[in-house]
Amino acid sequence: MRGWTADDLKTKPCATLNGHVLDLDPMRNRPFTKPPRARKPSEGELQRQCEAFLEKHSFKRLAAKHATQPAAGWFGHLQKAKGNPFLPDLVIVHEPNDRAALLVELKTSDRFQPGQREMIERGAWTLCRSFVEFVAAFTQWLNGEVTS
């Protein structure tokens, strides 16, 4: 017995049942287009996403105007501060202060400032390269599964 070929599909009974399958010429003539590349968010966009997530979970920005408000915790970020203090991108403190702060360095590329990689390697800071990684690290910290 011989195998099936494309010509077998063109017989009258097959064409009657599956005519739409045989009309592939328009698809073959379409130009191939690459799917758009997924764009990586900038570090600033990632920072804004993480801060919005914290605010949604009742964490307040470390600012004088929030000092009297109830909060699940506090977070802070110093951008190009005078004297450039050596701090990670996000400092997150739980309320009540019953655990070590979560210190998060956000990176969307492999460019590190002096000392950042060393603080991550020693376990003092948590490196997050995406929003998904940040949410996972924050959730573990909030549940008491990690200390830094």
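Hydrogens, waters and symmetry mates play no part in the numbers below; they use all other heavy atoms, side chains included. Just so it is clear, the structure is predicted and the values come from calculations on it, not from any experiment.
Between F138 and F134, the angle of the ring planes stays under 30°, which puts this pair in the parallel group of the 30/60° scheme. F59 and H94 have tilted rings, their planes meeting at an angle from 30° to 60° on a 0 to 90° scale.
To the nearest 0.5 angstrom, K60 atom NZ is 12.0 Å from L54 atom CG. Between the OG1 atom in T126 and the CG atom in L106 there is a gap of 10.5 Å [rounded to 0.5 Å].
Residues V104 and C50 are not in side-chain contact: their nearest non-hydrogen atoms beyond the backbone lie 4.5 Å or more apart. Counting heavy atoms from C-beta outward, T139 and E145 have side chains that stay 4.5 Å or more apart. The shortest distance between side-chain heavy atoms of E43 and D89 falls below 4.5 Å. Side-chain contact between E118 and F112 is absent, with no heavy atoms from C-beta onward closer than 4.5 Å.
Considering every non-hydrogen atom in both C128 and L46, the closest pair reads O-CD2, 4.3 Å. Minimum interatomic distance between L102 and A137 (heavy atoms only, all atoms of both residues): CD2-O, 4.3 Å. Taking both residues in full, the closest heavy atoms of R129 and E133 are given as N-OE1, 2.8 Å, listed atom of the first, atom of the second, then distance. Considering every non-hydrogen atom in both R117 and D110, the closest pair reads NH2-O, 3.9 Å. Of all heavy-atom pairs spanning V93 and A101, the tightest one is CG2-CB, 4.2 Å.
Side chain of Q116 to backbone of Q113: a donor-acceptor contact under 3.5 angstrom is found. The main-chain N or O of F53 is found under 3.5 Å from a side-chain atom of H57 such that the two form a donor-acceptor pair.
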Between W74 and R61, is a side-chain contact (heavy atoms from CB on, under 4.5 Å) present by the stated rule, with each step listed?
-> CA-CA 6 Å; W74 309 93; R61 183 178 301 279; over 6 Å; no
Show your working on side-chain contact (heavy atoms from CB on, under 4.5 Å) between H77 and Q47 and close with a plain yes or no.
-> CA-CA 9 Å; H77 168 68; Q47 179 89 30; 3.4 Å; yes
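Note: the hydrophobic cluster containing F86 also contains V91 (ILVMFWY, side chain heavy atoms under 4.5 Å, direct or indirect links).
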